Amino acid sequence: MKERKELQNRLTKVINDLIEVVVDKYNELEKSSLSFLSIPKHDNYPSMSMYSEDDFPTFHKYSSFYGSQVNYSEILKKDILYESVQSLNQLFEDFFKYKRLKVFFDIPDWNPPKKEYKGELIIMSFRNHIFELVDNLVHTKTSTRSKFQLHKIELFLNSIYNDELKYELVVPIIYHNSEYKNFQLAKDIKITSIPSNIQLARNDQSPPNIVAKPKVLGSANFCLRISNHLNRISNKNYYSHKSKLKEKVDSLIPMIDNVFSLLNISRFNAIGYCQIIADPINHEIGWFGEITKREILGVKRYPSNYDTDTQNHKDILKKEHCRIAKKLLAKKIKSKPLKLAKQKLLDSENRETVEDATLDLSTAFESLLSDSKENIKYKVSLRSGAICKMEKLLDFSPVDVVKIVKRFYDFRSDIIHGNQDKNDNRFIKLNGFEKFETYVGAKLVLKHILKFLINHPNYLKNVIEIDEYLLTGKKNGN
């Protein structure tokens, strides 16, 4: 495209001139006895220390007063230094001659009294992106900066001129390490380590709706990386593109939840997440020092006790868990009861109280094993025991499982009638086992049942076949 090629040549000249001016100015400021005050710094700039004894990175944020990176973008703005760069001034004068720039940086649904106000703001937005890119390039310590610079300009222009943009999703798995460095869960989904540049970006740009404590937010070495779901996001305008990207990411949350629910089914302790990161593929716009900015969505999907319990992070996402989850994910069973049960299991892990989590689990049990509103406790407990007779659950006998589920429903009844403080049904003691929480036992049973039903979907279609097994002792084949 002729317009793009012309702009690329001009941008290359502008950025070269800006880098020369800003580096000279920095060297001048550094000679001052008050350089620590006169040189602008990035505020709350993140850094990542070496891994600590718990195998997770430790993140810090440095104030602009001490220890942070130099902000070359602000040096350019200081005393309007950028106005001394003639190539930049000329580009601003010609800005609206570039039709794509005009449309891309336009601010939809904003019509100020004077049109020039909007034009000035549009050019200011473009200018700030250029200054951020200059800041990013000056911080780049590489012997091939010229080549790297051309590559960065190419990525920047891709973000403006490409009609559609591609992203991959990165979902950090909080409070668990993995035995795998790279594990393919499905064709487009893998568990892999988080690159340091994304680690820094996600700890700098945590969305305001995330309430996770910094230790929880940062405690992830591994992530789900999901490809081929954000391949063609329309890109006519900067602001509308961001809106469409967010809508698309929102629409993918159920898919992400499904993967995490299956990982949870495969193991005892919960797997969680609180960020969904859109990682740009072959385009960039927006920088913060050495960091490339990314769109990050905040979603709370981790146990609340992770905010206070520092032991969970020592848990390992083992190879056997990944293999089980991969096998379950490959089934791709379309079943509303199964979908509801998996979601309710995930919801229960995120509840503040055992009482709320208990109600989630009961909904999950009933969606899978109840065929009417009558005799729910009896039917669910008996069918749970039957499934655990077909496929054994650890060292629990089918009778033990029936007792666990019955006690669980007694506890649920206590909650509904306001008697949960009595604690009579909060715990259960079985022969050969130490006393344990009823809710914990029921969750273990539910995970086992979910795993069984995903592998034997005929029982999902007709739960009466579970009763027939009790009478005949014969399993219904798949």
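These values consider heavy atoms only, across backbone and side chains, with no hydrogens, waters or symmetry-generated copies. One-based numbering along the sequence shown. It should be emphasised that the depicted structure is a prediction, and the values quoted were computed from it without experimental measurement.
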Evaluate the side-chain proximity of Pro172 to Arg202: yes if any heavy-atom separation is below 4.5 Å, no if none is. yes
Determine, for Glu28 against Lys25, whether the closest basic-nitrogen to carboxylate-oxygen distance falls under 4.0 angstrom. yes
Inspect the contact between Glu437 and Arg426 and indicate whether a charged nitrogen and a carboxylate oxygen are less than 4.0 angstrom apart. no
Any side-chain heavy-atom pair from Gln275 and Leu217 closer than 4.5 angstrom? yes
So that I know where these two stand, are Tyr72 and His139 an aromatic pair - ring centroids less than 6.0 Å apart? yes
Heavy-atom closest contact (Leu121 atom, Trp110 atom, distance): CD2-CZ3, 3.8 Å
Are Lys102 and Phe95 in a cation-pi setup, meaning NZ or CZ lies under 6.0 angstrom from the ring centre and within 45 degrees of the ring axis? no
Taking the side chain as every heavy atom from C-beta outward, state whether Leu169 and Ile277 have any atom pair closer than 4.5 Å. no
Verdict with reasoning, Cys322 to Lys326, per side-chain contact (heavy atoms from CB on, under 4.5 Å): CA-CA 6 Å; Cys322 297; Lys326 180 176 183 176; over 6 Å; no
From CD1 (Ile291) to OH (Tyr45), nearest 0.5 Å: 4.0 Å
Salt-bridge present (Lys293, Glu284; N to O < 4.0 Å): no
Between the main-chain N or O of Glu83 and the side-chain N or O of Asn89, is there a donor-acceptor pair closer than 3.5 Å? yes
Do Tyr439 and Arg412 have a side chain donor and acceptor closer than 3.5 Å? no
Hey, does Glu355 have a side-chain heavy atom less than 4.5 Å from the side chain of Thr358? no
Stepwise salt bridge (charged side-chain N to carboxylate O under 4.0 Å, His left out) check, Arg4 with Glu154: CA-CA 10 Å; Arg4 173 176 172 148; Glu154 181 75 17; 2.9 Å; yes
Applying side-chain hydrogen bond (donor to acceptor under 3.5 Å, both in side chains) to Asn231 and not counting sequence neighbours gives Asn228
Can you see whether Phe92 has Arg127 sitting over its ring - NZ or CZ less than 6.0 Å from the centre and within 45° of the normal? no
Test item: Gln69 and Asp135 side chains (from C-beta on) under 4.5 Å apart, heavy atoms: no
Could you pull out the closest heavy-atom pair between Lys447 and Phe268, with the gap in Å? NZ-O, 2.9 Å
When you check the side-chain N and O atoms of Asn136 and Glu132, is any donor under 3.5 Å from an acceptor? no
Rounded to the nearest 0.5 angstrom, the CG-OG distance for Leu18 and Ser87 is 6.5 Å
Are Ser261 and Asn264 close enough that a side-chain donor and a side-chain acceptor fall under 3.5 Å? no
Check residues 329-338 and write down every donor-acceptor pair under 3.5 Å in which the side-chain atom is one partner and the other belongs to a residue at least two apart or another chain.
unit_1	atom_1	unit_2	atom_2	d
Ser335	OG	Leu338	N	3.2

Neighbour count >12 (heavy atoms, 6.0 Å) for atom NZ, Lys77: yes
Carboxylate-amine/guanidinium contact Arg294 Glu168, below 4.0 Å: no
Examine Lys443 relative to Phe408 and say whether NZ or CZ is less than 6.0 Å from the centre of the six-membered ring and inside a 45° cone about the ring axis. no
Lys/Arg-Asp/Glu bridge criterion (N-O < 4.0 Å) met for Glu391, Lys451: no
Keeping the roles fixed (side chain from Arg267, backbone from Asn269), state whether a donor-acceptor pair exists under 3.5 Å. yes
Candidate pair Ile123 and Phe96, rule side-chain contact (heavy atoms from CB on, under 4.5 Å), full reasoning: CA-CA 9 Å; Ile123 291 176; Phe96 290 104; 3.7 Å; yes
Using a 4.5 Å cut-off on heavy atoms from C-beta on, say whether the side chain of Ile454 contacts that of Leu262. yes
From Glu290 CD over to Ser47 OG, what is the distance, rounded to the nearest 0.5 angstrom? 11.0 Å
Just to verify, which of Phe156, Tyr238, Tyr167 counts as forming a ring-ring contact (aromatic ring centres under 6.0 Å, His included) with His283? Tyr167
Would you name the heavy atoms of His241 and Asn235 that are closest together and state the gap between them? CG-OD1, 3.5 Å
Which residue in the set Ile226, Asn182, Leu185 passes side chain to side chain contact (heavy atoms under 4.5 Å, CB included) when paired with Lys190? Asn182
Nearest 0.5 Å please: distance from the OG atom of Ser243 over to the CD1 atom of Ile233. 11.0 Å
Are there over 12 heavy-atom neighbours, none belonging to Lys118, within less than 6.0 Å of that residue's NZ? yes
Taking all heavy atoms of Asn350 and all of Pro303, pick out the closest pair and write down the distance. OD1-N, 3.8 Å
Roughly how far, to the nearest 0.5 Å, is the CG atom of Asn71 from the CG atom of Leu76? 9.0 Å
With side chain to side chain donor-acceptor pair (under 3.5 Å) as the test, would you mind laying out the steps for Asp360 and Thr363 before giving the verdict? CA-CA 5 Å; Asp360 285 323; Thr363 301; 5.7 Å; no
Can you list the steps and then say if Thr192 with Arg225 is a side chain to side chain donor-acceptor pair (under 3.5 Å)? CA-CA 7 Å; Thr192 186; Arg225 181 171 276 273; over 6 Å; no
Crowding at NZ, Lys327 (>12 non-hydrogen neighbours, <6.0 Å): no
Would you say OH of Tyr117 has more than 12 non-hydrogen atoms from neighbouring residues, nucleotides or ligands within 6.0 angstrom? no
Test Lys242 against Glu295 for side-chain contact (heavy atoms from CB on, under 4.5 Å), laying out the working first. CA-CA 8 Å; Lys242 291 182 71 172; Glu295 294 299 315; 3.0 Å; yes
Salt bridge between Asp257 and Lys342, side-chain N to carboxylate O under 4.0 Å? no
Is the distance between the ring centroids of Tyr273 and Tyr302 less than 6.0 Å? no
What are the two closest non-hydrogen atoms of Ala220 and Ile173, and how far apart are they? CB-O, 3.4 Å
How far apart are the closest heavy atoms of Ile15 and Gln149, and which atoms are they? CG2-NE2, 3.8 Å
Close side-chain approach of Val445 to Leu393, heavy-atom, < 4.5 Å: yes
Is there a donor-acceptor contact under 3.5 Å from the side chain of Asp94 to the main chain of Lys97? no
Side chains of Phe260 and Val171: does their closest heavy-atom pair fall under 4.5 Å? yes
Can you tell me how the ring of Phe148 sits relative to the ring of His151, calling it parallel under 30°, perpendicular over 60° and tilted otherwise? tilted
If I take atom CD1 from residue Ile122 and atom CD from residue Glu120, how far apart are they, to the nearest 0.5 angstrom? 10.5 Å
Mind running side-chain contact (heavy atoms from CB on, under 4.5 Å) on Ile415 and Val354 for me, showing each step along the way? CA-CA 10 Å; Ile415 293 170; Val354 169; over 6 Å; no
With distance as the sole test, does Arg100 use its side chain to make a donor-acceptor pair with the main-chain N or O of Ile160 at under 3.5 Å? yes
